[in-house]
Engineer: 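Shown below is the structure under consideration.
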There are 2 protein chains.
Amino acid sequence: MKRDSRLSSVLHALLHMAEHDGRMTSDALAQCLGTNPVVVRRTMGLLRKQGLVDSDRGPSGGWRITADLDKVTLRQLHEALGEPAFFAIGHRQETPECLVEQAVNAALDDAFGEAEALLLKRFAHVTLADLAKDFARRHRERKAAKD
Amino acid sequence: MKRDSRLSSVLHALLHMAEHDGRMTSDALAQCLGTNPVVVRRTMGLLRKQGLVDSDRGPSGGWRITADLDKVTLRQLHEALGEPAFFAIGHRQETPECLVEQAVNAALDDAFGEAEALLLKRFAHVTLADLAKDFARRHRERKAAKD
DNA sequence: GCTTCATGTAACTTCATATGTTACGATTCG
DNA sequence: CGAATCGTAACATATGAAGTTACATGAAGC
């Protein structure tokens, strides 16, 4: 199954932007992500609607984070992307007449509902600042390993 | 994203088989599920490999459960289907050189890993017998509502 | 103003994959 | 032998993320 990697993408982009002074163009971000600038604009546009970033046109234009790193959570980003489905496994029919299928759906909803609640809770706790801190740690470690 | 509904399908099929004396044909199961008999054979074939069901050809042939209902767990069925991915959200790149992407992957792996562990634990606890019991309860309730 | 650099966005293509369908061979029962 | 049934390959369809092309819009600098 093809997985939605937009959350991964925007996190990657936002952290690069956080490490970078001034604006970054769609082209530069696309290079960081190994993708196409139009894809960047499309995806970042969703974050702009939530006021997390802004963009400017023309020379010296590009993208910039407008929110506090320690205020932006994975949950918010997931919402900004339109709350894509977490799970790749689902029902065959949403509102079945058949009682057998109802029992099956109930059992699956139970398990997946619990897992989703856990994910949402975790997502609400993790901020961009947390990721930036982890990145900085990895950066120090790599540097130390070189010396 | 298109979700894999095979787990839902096999549960539905197995419960119908459990309620039914003797073998059920792929055609009959396909009608229960609202799908095609070839899809049924394809999917049930995976369960046969694990010894959960068997099939006979010719007239009076069809499918039959060979395992104990209270021994078969959702976990086993998920395994029999080849352990399809639980999540529809993933990394953009599996083993990135970029430290930013490594930090992103680590954070996502953390959250999704925990959710997956929870799901596997739940799946290991739920048996076909549990579902059959829940179905019977729904059946009684519908009957009571009619009277 | 003109040129250049950048975003905004529509339209289209590509790719992956679950699901559905057709076709036909193999096996079993009566 | 003939009908019923599974086994399986090959092909078709559908969906949605991701990538691409094309062009319009707007801003900065000369």
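First the proteins, then the strands, lettered A, B, ... as listed; each starts at 1. For the numbers below, each heavy atom of this structure counts, side chains included, while hydrogens, waters and symmetry mates do not. All of these numbers come straight from a predicted model, not from anything done at the bench.
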Engineer: Could you state the atom-to-atom distance from CG of B:D27 to C1' of C:dT21 in whole Å?
Structural biologist: 13 Å
Engineer: Just checking B:R42: base, sugar-phosphate only, or nothing, at a heavy-atom cut-off of under 4.0 Å?
Structural biologist: base
Engineer: Would you please confirm or rule out a distance under 4.0 Å between OP1 or OP2 of C:dC29 and any side-chain N or O of B:S60?
Structural biologist: no
Engineer: Is the closest side-chain donor-acceptor distance between A:H16 and A:E19 under 3.5 Å?
Structural biologist: no
Engineer: For A:R23, which contact category applies under a 4.0 Å heavy-atom criterion: base, sugar-phosphate, or nothing?
Structural biologist: nothing
Engineer: Under 4.0 Å between a Lys/Arg side-chain N and an Asp/Glu carboxylate O for B:D56 and B:R64?
Structural biologist: no
Engineer: Regarding B:W63 and B:T25, do their side chains bring together a donor and an acceptor under 3.5 Å, going by distance alone?
Structural biologist: no
Engineer: For D:dG7, does OP1 or OP2 lie under 4.0 Å from any side-chain N or O of B:R41?
Structural biologist: no
Engineer: Base, sugar-phosphate or nothing for B:G45? Non-hydrogen atoms, less than 4.0 Å.
Structural biologist: nothing
Engineer: When you match B:S26 and B:R92 each to their closest nucleotide on DNA chain D, which lands nearer the 5' end?
Structural biologist: B:S26
Engineer: Can you tell me the distance, in whole Å, between the CD atom of B:Q31 and the P atom of D:dT5?
Structural biologist: 12 Å
Engineer: Please determine, for the side chain of B:V38, which listed nucleotide (C:dT9, C:dT21, C:dG20) has the closest atom?
Structural biologist: C:dT21
Engineer: I want to verify a distance call: between D:dA28, D:dG19, C:dG8, whose nearest atom is closest to the A:P59 side chain?
Structural biologist: D:dA28
Engineer: Quick one: B:L33 CG to C:dA18 C1', roughly how many Å, whole number?
Structural biologist: 15 Å
Engineer: Does B:R6 place a side-chain N or O at less than 4.0 Å from the phosphate oxygens OP1/OP2 of C:dA18?
Structural biologist: no
Engineer: When the distance from CG of B:L7 to C1' of C:dT19 is rounded to whole Å, what number comes out?
Structural biologist: 16 Å
Engineer: Does C:dG8 have OP1 or OP2 sitting under 4.0 Å from an N or O in the side chain of A:S55?
Structural biologist: yes
Engineer: Answer yes or no: is there a donor N or O on one side and an acceptor on the other, between the side chain of A:D68 and the main chain of A:D70, under 3.5 Å?
Structural biologist: no
Engineer: Nearest whole angstrom, please: distance from the P of C:dT19 to the NE2 of B:H12.
Structural biologist: 15 Å
Engineer: Picking from D:dT5, D:dT21, D:dA27, which would you name as closest to the side chain of B:T25?
Structural biologist: D:dT5
Engineer: From the set D:dC6, C:dT7, C:dT19, return the single nucleotide nearest to any side-chain atom of B:D4.
Structural biologist: C:dT19
Engineer: Check the distance between C:dT7's P and A:M17's CE and give it to me in whole angstrom.
Structural biologist: 11 Å
Engineer: Is the distance from OP1 or OP2 of C:dA26 to the nearest side-chain N or O of B:R57 less than 4.0 Å?
Structural biologist: no
Engineer: Rounded to the nearest Å, what distance is computed from the CG atom of residue B:L46 to the P atom of nucleotide D:dC6?
Structural biologist: 16 Å
Engineer: Counting only side-chain N and O atoms of B:T35, is one of them less than 4.0 Å from OP1 or OP2 of C:dT19?
Structural biologist: no
Engineer: Indicate the ring-plane relationship of B:H78 and B:F86, choosing parallel, tilted or perpendicular according to the 30° and 60° boundaries.
Structural biologist: parallel
Engineer: Rounded off to whole Å, could you give me the CE-to-P distance for the A:M24 and C:dT7 pair?
Structural biologist: 11 Å
Engineer: So for atom CD, which belongs to A:Q31, do other residues, nucleotides or ligands contribute more than 12 heavy atoms lying within a distance under 6.0 Å?
Structural biologist: no
